[in-house]
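Data block below; observations after.
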Amino acid sequence: MTSKDCGAHHSHSSSCNRKIIRRVIWPIIIILFIILLIILLVWAILQPSKPRFILQDATVFNFNVSGNPPNLLTSNFQITLSSRNPNDKIGIYYDRLDVYASYRSQQITFPTSMPTTYQGHKEVNVWSPFVGGYSVPVAPYNALYLDQDHTRGTIMLVLHLDGRVRWKVGSFITGKYHLHVRCPAFINFGNSASGVIVGNNAVKYTLTTTCSVSV
């Protein structure tokens, strides 16, 4: 076989390989595109809505500012938090949930892990986690305000719920999305009529606060 024949044979093989690749790759690309398009269309038609959260109440067992100067917070309280799935065709997987409290944008309790769960269409879930911490350091610029608010008997806290969620449409389940919930909690320690005594030094405050949700 001459070098010219070899060159022609090599050129023919390369051409055949390219044709085979085109016949295999392009159908796969087209199929993947169609699947993605169907998912996007279904998603647009269903129009998923974010879950809705309400902070119902908080039962305070301990809330004490100590130290010299006072910059350590020991707290223990239980909150009741409800969540509603407003979608009638989409379920929600809550894969990881941590709840904690903040004061003037500073976290003042340790995070509390909540159980993972699945929320069906139009379902309502209720959680009652304990939140708090022992001798949690508070920044000096916040400690003064916290001590003053505690002495006056009124404190504005924010309860945070951080986690990961997945959406379920039929048998299709999406990837994980970050969930962040913020619930303002105005607690009036100084007015005994604003709460109900439920145990030794424990007072339950009804809040019924709508929370902001970002996904």
Side-chain angles (χ1 to χ4, degrees), residues 50-84 94-117 119 123-165 178-214:
K50 296 180 291 187
R52 297 168 185 170
F53 286 81
I54 294 178
L55 178 62
Q56 297 180 351
D57 56 60
T59 301
V60 181
F61 297 92
N62 189 10
F63 199 95
N64 182 47
V65 182
S66 61
N68 188 21
N71 64 340
L72 299 175
L73 174 65
T74 297
S75 62
N76 181 25
F77 50 96
Q78 185 179 24
I79 64 171
T80 302
L81 190 68
S82 67
S83 165
R84 180 178 181 271
Y94 295 93
D95 289 330
R96 181 184 64 80
L97 294 172
D98 292 324
V99 60
Y100 62 92
S102 70
Y103 173 80
R104 290 180 175 263
S105 301
Q106 180 189 358
Q107 182 175 335
I108 58 172
T109 69
F110 298 122
T112 299
S113 296
M114 298 168 57
T116 60
T117 186
Q119 190 174 50
E123 279 189 357
V124 175
N125 288 4
V126 178
W127 292 282
S128 297
F130 283 88
V131 184
Y134 179 77
S135 295
V136 178
V138 180
Y141 58 87
N142 274 341
L144 177 61
Y145 293 111
L146 181 61
D147 186 46
Q148 291 175 350
D149 288 348
H150 186 253
T151 301
R152 283 194 295 262
T154 56
I155 295 180
M156 172 60 77
L157 302 178
V158 177
L159 277 301
H160 300 257
L161 183 68
D162 282 338
R164 293 285 188 274
V165 295
H178 179 76
L179 172 73
H180 186 59
V181 181
R182 298 178 74 255
C183 307
F186 181 79
I187 302 177
N188 191 349
F189 292 99
N191 184 2
S192 58
S194 64
V196 177
I197 299 176
V198 294
N200 293 331
N201 299 322
V203 182
K204 183 175 183 178
Y205 300 91
T206 301
L207 302 173
T208 315
T209 303
T210 301
C211 308
S212 64
V213 182
S214 60

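None of the values given here were measured: they were computed from a predicted structure.
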Checklist entry - Should N125 and T117 be marked as a side chain to side chain contact (heavy atoms under 4.5 Å, CB included) after you check the CA-CA gap, both sets of side-chain angles, and the distance that decides it? => result CA-CA 9 Å; N125 288 4; T117 186; 3.5 Å; yes
Next on the checklist: Can you tell me how far apart CG (L157) and CG (L55) are? Round to the nearest 0.5 Å.
Outcome noted: 10.0 Å
Checklist entry - What is the minimum heavy-atom distance between T210 and P184, and which atoms define it? => result O-CD, 4.2 Å
Checklist entry - Do F110 and T112 have side chains that get closer than 4.5 Å, going by heavy atoms? => result no
Next on the checklist: Pair F63, V203 - check side chain to side chain contact (heavy atoms under 4.5 Å, CB included), show working.
Outcome noted: CA-CA 11 Å; F63 199 95; V203 182; over 6 Å; no
Item to check | side-chain contact (heavy atoms from CB on, under 4.5 Å) partners of R164, counting only residues at least two apart | outcome: D95, R96, K176, H178
Checklist entry - Atom OG in S212, atom CZ in R52: separation rounded to 0.5 Å? => result 14.5 Å
Checklist entry - Is a side-chain N or O of K204 found less than 3.5 angstrom from the main chain of V196, in a donor-acceptor match? => result no
Checklist entry - Ignoring hydrogens and geometry, is there a side-chain-to-backbone donor-acceptor pair from Q119 to P51 under 3.5 Å? => result no
Checklist entry - What closest approach, in Å, do S83 and W127 show between heavy atoms, and which atom pair accounts for it? => result CB-CZ3, 3.3 Å
Checklist entry - Are side-chain heavy atoms of V99 and L81 found at a separation under 4.5 Å? => result no
Checklist outcome for this item: The reported gap from OH in Y145 to CZ in R152 (rounded to nearest 0.5 angstrom) is 10.0 Å
Checklist entry - For Q56 and S82, does a side-chain donor sit closer than 3.5 Å to a side-chain acceptor? => result yes
Checklist entry - Where do Q106 and V138 land on the side chain to side chain contact (heavy atoms under 4.5 Å, CB included) test, with the steps shown first? => result CA-CA 8 Å; Q106 180 189 358; V138 180; 3.6 Å; yes
Next on the checklist: Whether the side chain of Q107 engages the backbone of Y100 through a donor-acceptor N/O pair (distance < 3.5 Å, no angle test) should be reported.
Outcome noted: no
Checklist entry - Taking C-beta and beyond as the side chain, do D57 and Y205 meet within less than 4.5 Å on heavy atoms? => result no
Next on the checklist: Ignoring hydrogens, what is the shortest heavy-atom contact between L159 and A101? Give both atom names and the distance.
Outcome noted: CD1-CB, 3.9 Å
Item to check | Value rounded to 0.5 Å, distance of OG in S194 from CG in N188 | outcome: 4.0 Å
Next on the checklist: Within the 4.5 Å heavy-atom criterion, are L179 and L97 side-chain neighbours or not?
Outcome noted: yes
Next on the checklist: Quick check: do E123 and R84 have side-chain heavy atoms less than 4.5 Å from each other?
Outcome noted: no
Item to check | Test item: T154 and I187 side chains (from C-beta on) under 4.5 Å apart, heavy atoms | outcome: no
Item to check | Member of V158, L73, L146, T109 meeting the side chain to side chain contact (heavy atoms under 4.5 Å, CB included) criterion with Y103 | outcome: L146
Next on the checklist: Just so I know, are the side chains of L161 and M114 near enough to count as touching, which here means a heavy-atom distance under 4.5 Å?
Outcome noted: yes
Item to check | Pairing residues for D147 by the salt bridge (Lys or Arg N to Asp or Glu O under 4.0 Å) criterion, not counting sequence neighbours | outcome: none
Next on the checklist: Any donor-acceptor pair under 3.5 Å linking the side-chain atoms of S75 with those of Y134?
Outcome noted: no
Next on the checklist: Show, in sequence, the C-alpha distance, side-chain angles and deciding distance for T74 and V65, and conclude whether the side chain to side chain contact (heavy atoms under 4.5 Å, CB included) test is met.
Outcome noted: CA-CA 7 Å; T74 297; V65 182; over 6 Å; no
Checklist entry - So do the side chains of F77 and T59 get within less than 4.5 Å of each other, counting heavy atoms only? => result no
Next on the checklist: I need the T80 OG1 to I54 CD1 distance, nearest 0.5 Å.
Outcome noted: 12.5 Å
Next on the checklist: Testing the basics here: between L207 and F186, what is the closest heavy-atom pair and its distance to 0.1 Å?
Outcome noted: CD2-O, 3.6 Å
